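Scope of the values below: all heavy atoms of this structure, side chains included, with no hydrogens, waters or symmetry mates. We name chains A, B, ... by the order of the sequence lines, and we start the count at 1 in each one. Not measured: the values here are computed from a predicted model.
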Protein chains: 2
Amino acid sequence: MENLADSLREKLKDKGYKLTPQRRAILDAIIENQGKHLNTEEIYNVVKEKCPEIGLATVYRTLQLLDDMSMISRLNIDDGCMRYELNTDENEHQHHHLICEVCNDIIEVELDLLGYLEKEIEKKYNFIIKDRKVKFFGVCSKCR
Amino acid sequence: MENLADSLREKLKDKGYKLTPQRRAILDAIIENQGKHLNTEEIYNVVKEKCPEIGLATVYRTLQLLDDMSMISRLNIDDGCMRYELNTDENEHQHHHLICEVCNDIIEVELDLLGYLEKEIEKKYNFIIKDRKVKFFGVCSKCR
DNA sequence: TATATACTTGAAAAGCATTATTATTTGAGA
DNA sequence: TCTCAAATAATAATGCTTTTCAAGTATATA
């Protein structure tokens, strides 16, 4: 997965941002924990292993920057903090989330199947849909 | 809409909660502003007109109570605060939300059309779906 | 190479929505 | 009316996030 890290670093530099050790460490932490939907504090703790002197504010700042650049996405599970996930080419397309109310695991769903609903909404409500957030709450296969 | 207020008051008393003037005022405020998706601060300001001595903490407490009793539902638009909507018999069934990125208006969508997607998810992921939150972001008819 | 300029950072303070605490008040049944 | 658990107002505390600011670092320019 070396190419992913490289391409993200390139993306940063292309936009005129400096690739500091802190930003590099935060990017690495997110890449290494892909699929885990870590929150800011958790990312901070991972990053501190390689970069012990980093400040929490830098993590918040960098996550905001990466979100603005669409390199990561926010995910709000209503658990009191913001979680993040990597935007890869594969999950660039819409995907939904299953949230297990028992173990709090977050599962990504590749199935989309919202096309018809969206077309109906755009027609009936004359509303231009640009983004969607779809979350299902319930019990996952491990907890049933 | 007198019956709605009455039935909600009954519901409170049936569960052993006292019908205080504060709770009555908060219920009335939510009923009178049905469809507006007010946040806690906004509800507080409406309630203060009829009940000026009320404290903000009481509003938070009561909204939590009403949510626990499924008389209202939380709606998180990621705008930094929690919003609420009344659970009437009509909207008891699932409904989604359109959020206009221009005027920030929130439109309720009666169309459901999620049945097939949910069945596929339950089958493919062995996940029992108990609730869902679906939000579409874009531009509403008034702003296009 | 020296220097000006803009960008980053860590630490600490501030912001903001929400929750907990506590002393006081109140609703509703005996 | 009296009693007492429940509810309240005021305020402090909490937790996540953003801002401030002084200091450090990198990049461009002369």
Side-chain angles (χ1 to χ4, degrees), chain A residues 9-30 37-69 71-84 104, chain B residues 8-29 37-69 71-84 104:
Chain A
R9 289 176 196 155
E10 279 307 310
K11 214 168 177 177
L12 259 185
K13 288 205 278 189
D14 285 353
K15 299 244 182 174
Y17 295 107
K18 293 173 184 168
L19 183 56
T20 64
Q22 291 91 336
R23 286 174 179 168
R24 183 190 289 263
I26 291 168
L27 259 179
D28 288 347
I30 295 172
H37 307 92
L38 301 185
N39 64 31
T40 313
E41 194 87 26
E42 289 165 346
I43 292 170
Y44 174 60
N45 289 327
V46 171
V47 169
K48 265 204 298 194
E49 291 169 17
K50 287 183 181 172
C51 199
E53 72 290 348
I54 198 171
L56 183 55
T58 300
V59 179
Y60 274 100
R61 268 188 299 244
T62 303
L63 291 174
Q64 202 164 48
L65 176 68
L66 298 177
D67 182 44
D68 289 345
M69 297 180 66
M71 293 165 70
I72 60 177
S73 292
R74 292 170 186 269
L75 176 61
N76 192 342
I77 303 295
D78 286 326
D79 63 347
C81 59
M82 203 53 77
R83 297 181 174 278
Y84 293 91
N104 292 312
Chain B
L8 290 176
R9 288 174 197 158
E10 279 306 310
K11 215 169 177 177
L12 260 184
K13 290 205 279 187
D14 285 352
K15 299 244 182 174
Y17 295 106
K18 292 176 184 168
L19 182 55
T20 65
Q22 292 89 339
R23 285 174 178 168
R24 184 190 287 263
I26 291 169
L27 260 179
D28 288 346
H37 307 91
L38 302 185
N39 64 29
T40 313
E41 194 86 26
E42 288 164 347
I43 292 169
Y44 175 58
N45 288 327
V46 171
V47 169
K48 266 203 297 194
E49 290 170 18
K50 287 184 183 174
C51 199
E53 72 290 349
I54 199 170
L56 182 55
T58 299
V59 179
Y60 274 100
R61 267 188 304 246
T62 303
L63 291 174
Q64 203 162 48
L65 176 69
L66 298 178
D67 182 44
D68 290 345
M69 298 181 65
M71 292 165 69
I72 59 176
S73 293
R74 292 169 186 271
L75 176 62
N76 191 340
I77 302 295
D78 286 325
D79 64 347
C81 60
M82 202 56 76
R83 296 179 176 280
Y84 294 90
N104 291 313

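- Across the protein-nucleic acid pair, Glu42(B) atom CD and dA17(C) atom C1' stand 13 Å apart, rounded to whole Å.
- At dA9(D), one or more side-chain N or O atoms of Gln22(B) fall inside 4.0 Å of OP1 or OP2 (strictly under the cut-off).
- Mapping Lys18(B) and Arg74(B) onto DNA chain C via the closest heavy atom, the residue that lands nearer the 5' end is Arg74(B).
- Here Glu41(A) lies out of heavy-atom contact (under 4.0 Å) with every strand.
- Following rounding to the nearest Å, Tyr17(B) (OH) and dA28(C) (P) show an atom-to-atom distance of 15 Å.
- Only one option out of Leu66(A), Ile72(A), Thr62(A), Val47(A) pairs with Leu27(A) in a side-chain contact (heavy atoms from CB on, under 4.5 Å); it is Leu66(A).
- Counting to the nearest Å, the P atom of dA7(D) and the CG atom of Leu65(B) are 8 Å from each other.
- Of the candidate nucleotides dA9(D), dA7(D), dT17(D), dA9(D) has the atom nearest to the side chain of Glu53(B).
- Comparing atom distances between the Thr20(B) side chain and each of dA7(D), dT8(C), dT11(D) picks out dA7(D) as nearest.
- Listed candidates were dA9(D), dT18(C), dT9(C). Nearest to the side chain of Ile54(B) is dA9(D).
- Residue-level contact check: Arg61(B) touches the bases, meaning some heavy atom is under 4.0 Å from a base atom.
- When rounded to the nearest whole Å, the span between CD1 of Ile43(A) and C1' of dC16(D) equals 14 Å.
- Nearest to the side chain of Ala57(B), among dT18(C), dA5(D), dA10(D), sits dA10(D).
- Rounded to whole Å, the distance from NZ on Lys48(B) to P on dA9(D) is 12 Å.
- Look at CZ on Arg24(A): it is 13 Å from P on dT9(C), rounded to the nearest Å.
- The Arg23(B) side chain lies nearest to dA7(D) when the options are dT17(D), dA7(D), dG27(C).
- A donor-acceptor pair under 3.5 Å is formed between the side chain of Glu42(A) and the backbone N or O of Asn39(A).
- Counting only distance, with no hydrogens or angles, the side chain of Arg23(B) and the backbone of Lys18(B) share a donor-acceptor pair below 3.5 Å.
- Mapped onto DNA chain C by nearest heavy atom, Gly80(B) and Lys13(B) fall at different nucleotides, with Gly80(B) at the one closer to the 5' end.
- A 4.5 Å side-chain heavy-atom check between Tyr84(B) and Ile43(B) finds at least one atom pair inside the cut-off.
- Taking 4.5 Å as the limit, every side-chain heavy atom of Leu75(B) sits out of range of all side-chain heavy atoms of Ser73(B).
- Considering only the side chain of Leu56(B), dT18(C) comes nearest among dT8(C), dT18(C), dT11(D).
- Atom CG in Leu19(A) sits about 10 Å away from atom P in dT9(C), given to the nearest Å.
- In this structure, the CG atom of Leu12(B) is 11 Å from the P atom of dA28(C), given to the nearest Å.
- Dashed line: the shortest gap from a side-chain N or O of Tyr60(A) to OP1 or OP2 of dT17(D) is under 4.0 Å.
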